[in-house]
Amino acid sequence: MARMQKVRLGMIGGGEGAFIGAVHRNAFGLDGQYDLVCGAFSRDPGNNESTADSLGVERSRTYASWEDMLDKESALPEQQRMQVVSIVTPNHLHVPISVAAIKAGFHVFCEKPAGVGLGEVKDLQDLLHSTDRLYGLAHTYLGYPMVWQARHMVQSGMLGNIRKVFVEYPQGWLSANEETHNKQAKWRTDPSLAGGSGCMGDIGTHAFGLAEFVLDDAITALCGQLYTHIDDRQLDDDGAALIKTKKGATGVLIASQVCAGEENALKIKVYGDKGGLEWHQMEPNSVVYRPIGQPYQVFRAGLGQPGLCDEAVNRCRIPGGHPEGYLEAMANLYNDFAKAVRGDSNHTSSKANGVPGIKSGLRGMAFIDAMLASSDSDTKWETVSPVGTE
């Protein structure tokens, strides 16, 4: 057996005190597929250097800016320079860094959303189509084994013709005016950094992406409303939408960051003419199946568990009864991305199998645009742009 070559990775953002940077590092380090060889972790020199030291990154490859990092890494010998850039910055930098990294010859794995506007993400797609660089998007929840199981159950006809979907993501962390003292809250509620939507851009896109993935269907129209419950907050912190899909299902999507006491309660329920299913992110190892006229069943994650599809089994690491969670889900995305970078699996320009890519990014931006337009409109029903469905 040939010796596996680790993928050389650099990180932009994610300095000490940044939540999502640590999540990405734990995830890509879980299965030993990557070496973190360089970084531009923070604009603050002290934070940048202390982060690098804590991670064992050489000072010579700790860069003061992401521009400097791309320039200096490009000049290194091919067998030494980084291969993948992990982008864990605020949203407004996602596209500029992605574009620069791809033009410099690097693959990109980016935190979501893909950008702050549909136009710039379309431009990024055009660039990807002109290169052989890979682009992955951290829709972490799509890395869970039982999300793939739920998708398989829909695709294989276990639920019959799909009629109804309910997807919701309630959080409570912005129930008070956190932006006065919380760095994460401050940038996530700032339109110049986060984009045109707060709650829907941050977690509503997760609910939207989960629904389209599990249904294997596109949401084509919505009737939505956004709300801002905290005085002086600049972006929405709550919202909901009635939705319609291309194949004829209807449903409801809810996302809120002011549901006091809630943590990360993402969940989905799907109903067809033969039965229904249910999956909860905070209990991620189970899919509940309710066939008509039969006792309900529970499919459980884990190696050796009965009834699981190959896609679910391939994303499990340990036997049933040993919970796998959020970090493992993101690690699954990073693992599939590493295989594509090494050429271990079939992939095409800007696409790594099993990893949400630029189409997912476009779908998320189209959803945000439709929610903003519907919320501001008296006619309410708004078409969701078909971008990313081709």
Side-chain angles (χ1 to χ4, degrees), residues 4 19-20 22-34 138-159 165-172 203 206-207 209-211 213-216 261-272 274-339 344-345 353-356:
M4 184 195 76
F19 155 72
I20 203 64
V23 169
H24 279 254
R25 290 191 289 269
N26 284 321
F28 68 64
L30 187 62
D31 296 300
Q33 300 259 11
Y34 292 86
H139 276 286
T140 305
Y141 305 109
L142 304 189
Y144 277 111
M146 300 312 283
V147 168
W148 284 80
Q149 177 68 20
R151 175 182 168 93
H152 167 78
M153 292 165 69
V154 170
Q155 289 179 325
S156 64
M158 291 176 66
L159 276 62
V165 59
F166 297 95
V167 61
E168 62 179 68
Y169 197 158
Q171 293 178 335
I203 62 173
H206 279 306
L210 178 65
F213 183 78
V214 171
L215 294 178
D216 191 22
E262 290 284 6
E263 296 173 339
N264 285 281
L266 174 64
K267 59 181 71 75
I268 186 169
K269 298 180 182 181
V270 181
Y271 302 95
K274 294 181 180 179
L277 66 76
E278 182 173 347
W279 178 81
H280 293 208
Q281 194 273 148
M282 291 177 63
E283 298 288 342
N285 295 289
S286 299
V287 169
V288 177
Y289 173 47
R290 298 185 178 92
I292 291 179
Q294 302 176 44
Y296 80 81
Q297 304 171 33
V298 180
F299 291 87
R300 293 282 292 164
L303 299 174
Q305 292 283 63
L308 297 187
C309 64
D310 290 343
E311 291 86 352
V313 173
N314 291 340
R315 287 166 175 80
C316 294
R317 293 171 177 78
I318 47 183
H322 300 86
E324 297 192 50
Y326 182 75
L327 293 177
E328 289 89 346
M330 184 179 283
N332 285 333
L333 302 186
Y334 267 107
N335 287 350
D336 283 339
F337 200 75
K339 292 174 184 177
D344 295 352
S345 61
N353 287 340
V355 183

So for atom CD, which belongs to Gln297, do other residues, nucleotides or ligands contribute more than 12 heavy atoms lying within a distance under 6.0 Å? yes

Work out which heavy atom in Ala329 is nearest to a heavy atom in Thr140; give both atom names and the distance. CB-O, 3.5 Å

Those residues that, when tested against Glu278, pass salt bridge (Lys or Arg N to Asp or Glu O under 4.0 Å) (two or more places apart): Arg290

Testing the basics here: between Gly302 and Cys316, what is the closest heavy-atom pair and its distance to 0.1 Å? N-SG, 3.4 Å

Output side-chain donor-acceptor pairs under 3.5 Å for residues 304-315, partner residues at least two apart or in another chain, one line each.
unit_1 : atom_1 : unit_2 : atom_2 : d
Asn314 : ND2    : Asp310 : O      : 3.2
Arg315 : NH1    : Glu311 : O      : 2.9
Arg315 : NH2    : Asp336 : OD2    : 3.2

Under the rule for ring-ring contact (aromatic ring centres under 6.0 Å, His included), what residues qualify as partners of His152, not counting sequence neighbours? none

Looking at residues at least two apart in the chain, or sitting in another chain, which of them share a ring-ring contact (aromatic ring centres under 6.0 Å, His included) with Tyr271? none

Between Leu142 and Pro356, the two heavy atoms sitting closest are CD1-CG, 3.8 Å

Contacts satisfying salt bridge (charged side-chain N to carboxylate O under 4.0 Å, His left out) that involve residues 316-327 (not counting sequence neighbours) are Asp31-Arg317, Arg317-Glu324

For the residue pair Tyr326 and Tyr141, does the interplanar ring angle fall in the parallel (under 30°), tilted (30 to 60°) or perpendicular (over 60°) class? tilted

By side-chain hydrogen bond (donor to acceptor under 3.5 Å, both in side chains), which residues pair with Asn26, not counting sequence neighbours? none

Test side-chain contact (heavy atoms from CB on, under 4.5 Å) applied to Asn264 and Ile203, step by step: CA-CA 9 Å; Asn264 285 281; Ile203 62 173; 5.8 Å; no

Residues that Lys267 engages under salt bridge (Lys or Arg N to Asp or Glu O under 4.0 Å), provided they are two or more places apart: Glu168

Could you walk me through whether Met158 and Lys274 pass the side-chain contact (heavy atoms from CB on, under 4.5 Å) test, one step at a time? CA-CA 7 Å; Met158 291 176 66; Lys274 294 181 180 179; over 6 Å; no

Shortest non-hydrogen contact from Ala150 to Leu277? O-CD2, 3.7 Å

ring-ring contact (aromatic ring centres under 6.0 Å, His included) pairs, two or more places apart, involving residues 277-322: Tyr144-Trp279

For Tyr334, the ring-ring contact (aromatic ring centres under 6.0 Å, His included) test, sequence neighbours excluded, returns His24, Phe28, Tyr34, Phe109

Distance-minimising heavy-atom pair for Ala138 and Met330: CB-CE, 4.4 Å

Spacing of CG belonging to Leu215 relative to CD belonging to Gln155, to within rounding of 0.5 Å: 10.5 Å

Could you report the tightest heavy-atom contact between Ala331 and Leu30, atom names first, then the distance? CB-CD2, 3.7 Å

Checking Arg300 now: which residues fulfil salt bridge (Lys or Arg N to Asp or Glu O under 4.0 Å) with it, not counting sequence neighbours? none

Salt bridge (Lys or Arg N to Asp or Glu O under 4.0 Å) partners for Arg151, two or more places apart: Asp216

